[in-house]
Amino acid sequence: MHHDSFKPHIASEQSVLEVTFRSMGLGIVFGVLFAVANAYLALKVGQTISASIPAAIMSVAILRLFGRNVSILEHNIVQTVASVGEALAAGVVFTIPALILLGEPPSIGRVFLLSSLGGVLGVLFMIPMRRFLIVEEHHKLPYPEGTACAEILKAHNTSKGVAVRALWGAIVAGGYRLCTDVFHLCKEVPVIGLKFLENSLVTIETTPALLGVGYIVGMRTTVCVFAGGATAWWVIIPLIKVFGLGDLIIYPSDVPIYEMDATMIWNRYIRYIGAGAMGVGGLISLCRILPLLFRTLHLSVQELKAGFHAKVHIPRTEKDISLSWLILGSLGIILFLLFFPGMPMNLLTIVLLVILGFFFTGVTAVTVGIVGSSSNPVSGMTLTTLLITCLLFVFLGWTERIYLIAAMTMGCVACSAICMAGTTAQDLKTGFLLGATPRSQQVAEIVGVILPSIVLGYTLYLMNQAYGIGSAEMPAPQATLLAMVAEGVMSGGLPLPLITIGVVLGLVMWMLRVPILPFGLGVYLPLSLTTAMMIGGLMRGYVDRTNVSPTASEGGILFAAGLVGGDACIGIIIALLAASGYHFGAEPLLSSAWISIAAFIGMALLFIPVVRRNAP
C-alpha cells in the first residue's frame, strides 16, 4: 500500500486522550456558533466558511487557559465537532427555505429530524470510503482544509496573539453593523446608477461578513464570481433593455421589458441564465472525478462484503465504526423516514435518496479532497438529485403538489448528508495526519449533530420572520434556485431558452479555463454581494503577495472569520429585535453612497495592520 511509509504525528501504539467532556463540550459550543453564523451567511450569499481552522486555533487558545495537559487529539475532537455545525448549516439553508418559498414551511421539529438524520447518514456513508480516500489516496488527494488544520494543531504553540485576531474581527464587525443597521450613520447598500448603461447599477453591500468571506475564499474565486456579476449587470441586462420588444410580454415575466428596471430583469431573466451556468459547472466537476469515484465505490462494496468475516487485530488508527452498526444505523434512518407520521416521502423517494445520497457522498468526498470545502459544489449535487427525482416523477405522471413537496423534502435529507460527508472527509484527513482514532471522530460527529440541528430550525424561522426568506436582504440563493427548478420541472414551466443560454455561457467559460461554478454563482447572485466579496478577495491577494510568513496569513484568516462571526451575531440580535416588533430608524444620517463605500474600504484596509503585526 502507498501509505506504509507514512507515520502519523501520534503512533497507533500510543494511547492518548481523545473524546473527553472538555473536548466534546467546547466542540459542541463552537458547533452551535458556527451553525448560526453559517446559516446567516448562507441565507445572505449562498456561501459558508470552513469552521475547522478557526475552531482548531481557538481550541488551542481556550483549552490552554483552562487545562494544562491537553492532548493534540482532544483539540482534534474540538475541531471535528465544531465543523458539524458548519456542514449542517449548509445542508439546512440550501434546502429548507425552498419548502418555505413553496408555501409548506416545516415545523422546527421537522427541520431537526431532516437535518440530523441526513447528517448522521452522511457520516455513516463515509465510513466504507475512508480507507481508500484518506489512506490509500493520501498522496493524491490533498484535502486542503484538513491538512492545514493538522499543521496548525501540530504547531501546538500557536500564540495567543493569533487567536486574539478573531476577537478583534468580531469587535470590528459588530461595531460596523451597529453603525449601519442600528444607528444608521450610513447606507448599508449604496447604489450608483449608470445612465450611459441603460440605468444599470453599481452597488455594494457593505457588510463585514462579505468582506471576511471574500478574504477566506481568496482572490481567484472572488474575481471569477465578480466577473459573472459584471457580465450579468453590465452586459446582458443593458442588452435586454436596448433590444426589449415594445409592449410584448416575454415569459417568465408578466410585464413588458420597458417597464422593468435592472433588478427586475435580473430577477425574472438573468437568474435562469445563472442557474444554467451553475448546472453545467456542477456536471463538469462530476465528470472530472468519475473514474476515481467508481474506484472508491467498488472498493467500498468489496470492504462491506469482507467486513463480516473474522476480525484480525486492527491498529487503533484504523478502527472505524463497525460495518454492522453502519448497516443497522442506515436501515433505521431509512425506515424512520418512510414510516414516521407526516413525512411526505414514499418508497420510491427513499430508494432514490439512498442511491443518489451514497453516490454523491462519494462525489463530495473526492471533490473536497481536490478543491477544499469552500469550492465544493454541494448545491449543484443537490440540484442534480432533485432534478433526477422530479423528472422521474413527471415520467410516472406524478405531478401533484404532494410529489413536489416529497422531492423537496428528500432534497433536504440528501443535502445534509452530502454536506456532512464532505466535512467528515476533511476531519478524517486531519485525524489521519495526527494519528487519531477514526471511530472516536465518527462517534463525536454523530453526537455533535444534535444541538446544531435544533438551533438551526429556530435561526431559520427567526430570519424568515425578521427579513423574509427570498427577499433582497435574505435571498437564500440556493434554496430559491431549487424551488424554482423543482416547480418548473413539475409544472413543465421552465424557461428553457434562458437556461440553455446559461449552459452555453458556462461551456464558453470552461473552454477559456475560467472556473464555471463561481462565474455562474456571480451571474445568479445580486451584484451588491459579489462586489463586496471581491474587495475581500483583493485584500487577500495583496496580503499574500506582500507577506511570506504563513503565520501572517493565518492571522488574516482568523480576523476574517471574526468578521463573519461578529456580523452574524449582531445580525441575529437585530433580527430578534425586529421579530419582537422593535423598528430602527430608516433614513441614514450620511446619505451619500460614496461615504458608505469609503467606510467599507477603510474596514477592508484593516487587514494590512492585522497581518503586519502578526509577521515575525
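As the structure is a computational prediction, the values presented were derived from the model and not from experiment.
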message = Can you tell me how far apart CD1 (Ile96) and CG (Leu482) are? Round to the nearest 0.5 Å.
response = 11.0 Å

query = How many angstroms lie between CD in Glu137 and CE in Met129, if you round to the nearest 0.5 Å?
reply = 13.5 Å

message = So does Gly342 get a backbone contact from the side chain of Arg110, meaning a donor-acceptor N/O pair under 3.5 Å?
response = yes

query = Just by distance, do the side chain of Ser52 and the backbone of Thr80 share a donor-acceptor pair under 3.5 Å?
reply = no

key: Spacing of CH2 belonging to Trp398 relative to OG1 belonging to Thr389, to within rounding of 0.5 Å   = 11.0 Å

inquiry  = Are there over 12 heavy-atom neighbours, none belonging to Leu496, within less than 6.0 Å of that residue's CG?
reply    = yes

key: Gly91 backbone acceptor or donor facing Thr95 side chain under 3.5 Å   = yes

task = Considering non-hydrogen atoms only, spot the tightest contact between Ala51 and Ala82 and give its length.
result = CB-O, 4.0 Å

task = Could you check if a side-chain atom of Leu117 sits within less than 4.5 angstrom of a side-chain atom of Phe336, using non-hydrogen atoms only?
result = yes

note = The reported gap from CD1 in Ile388 to CG in Leu356 (rounded to nearest 0.5 angstrom) is 5.0 Å

note = So CG of Leu392 and OH of Tyr403: to nearest 0.5 Å the spacing works out to 12.0 Å

inquiry  = Measuring only between side-chain heavy atoms, which start at C-beta, is Phe125 closer than 4.5 Å to Met420?
reply    = no

query = Should the heavy atoms of other residues, nucleotides or ligands under 6.0 Å from OH of Tyr251 be counted, would the total exceed 12?
reply = yes

inquiry  = Quick test of your reading of the model: are Lys429 and Glu145 salt-bridged, counting only N-O distances below 4.0 Å?
reply    = no

query = Can you name the closest pair of heavy atoms from Thr480 and Pro475 and give their distance?
reply = OG1-O, 2.7 Å

message = Restricting to non-hydrogen atoms, name the atom on Met381 and the atom on Val363 that form the minimum distance, rounded to 0.1 Å.
response = CE-CG1, 3.6 Å

ask   = So, do Leu43 and Pro97 sit near enough that their side-chain heavy atoms are less than 4.5 Å apart?
value = yes

inquiry  = Please report the interatomic distance OG(Ser115) to CG(Leu88), rounded to the nearest 0.5 Å.
reply    = 5.5 Å

query = Backbone N or O of Leu460 within a donor-acceptor pair of the Asn464 side chain at under 3.5 Å?
reply = no

message = For a quick test of reading the model, state the closest non-hydrogen atom pair linking Ala425 to Ile134 and the distance between them.
response = O-CD1, 3.5 Å

key: Main-chain N/O of Asp427 paired with Tyr143 side-chain donor or acceptor, under 3.5 Å   = no

ask   = Any side-chain heavy atom of Ile249 within less than 4.5 Å of one from Val255?
value = no

query = Does a salt bridge link Lys44 with Glu205, judged by any charged N lying under 4.0 Å from a carboxylate O?
reply = yes

query = Hey, is the main chain of Ile321 close enough, under 3.5 Å, to the side chain of Gln442 for a donor-acceptor pair?
reply = yes

ask   = Any donor-acceptor pair under 3.5 Å linking the side chain of Tyr524 with the backbone of Pro477?
value = yes

query = Less than 4.5 Å apart, any side-chain heavy atom of Asp320 and any of Arg131?
reply = yes

ask   = For Val564, which of Leu210, Thr207, Leu41 qualifies under side-chain contact (heavy atoms from CB on, under 4.5 Å)?
value = Leu41

task = Could you check Met260 against Tyr269 for side-chain contact (heavy atoms from CB on, under 4.5 Å), going step by step and ending with a plain yes or no?
result = CA-CA 11 Å; Met260 295 161 80; Tyr269 298 132; 3.9 Å; yes

task = Determine, step by step, whether Leu335 and Phe340 satisfy the side-chain contact (heavy atoms from CB on, under 4.5 Å) criterion, reporting the C-alpha distance in whole Å, the side-chain angles of both residues, the deciding distance to 0.1 Å, and the verdict.
result = CA-CA 8 Å; Leu335 291 171; Phe340 186 76; over 6 Å; no

task = Output, in order, the C-alpha distance, side-chain angles, deciding distance and verdict of side-chain contact (heavy atoms from CB on, under 4.5 Å) for Phe30 and Val81.
result = CA-CA 8 Å; Phe30 284 164; Val81 178; over 6 Å; no

ask   = For Pro106 and Ile100, which heavy atoms make the closest approach, and how far apart are they?
value = CD-CG1, 4.4 Å

task = Flag the pair Thr48 / Val213 as yes when at least one side-chain heavy-atom distance between them is below 4.5 Å, and no otherwise.
result = no

inquiry  = Pair Met509, Cys224 - check side-chain contact (heavy atoms from CB on, under 4.5 Å), show working.
reply    = CA-CA 10 Å; Met509 291 304 134; Cys224 288; over 6 Å; no

inquiry  = Would the distance check show the side chain of Thr364 and the main-chain N or O of Thr361 forming a donor-acceptor pair, the cut-off being under 3.5 Å?
reply    = no

task = Look only at the side chain of Gln426 and the backbone of Gly146, and say whether a donor-acceptor pair between them is shorter than 3.5 Å.
result = yes

inquiry  = Ignoring hydrogens, what is the shortest heavy-atom contact between Val378 and Phe94? Give both atom names and the distance.
reply    = CG1-CD1, 4.3 Å

task = With the side chain counted from C-beta on, respond yes when Leu338 and Met343 share a heavy-atom pair under 4.5 Å apart, and no when they do not.
result = no

message = Do Met533 and Thr530 have side chains that approach each other closer than 4.5 Å (heavy atoms only, starting at C-beta)?
response = no

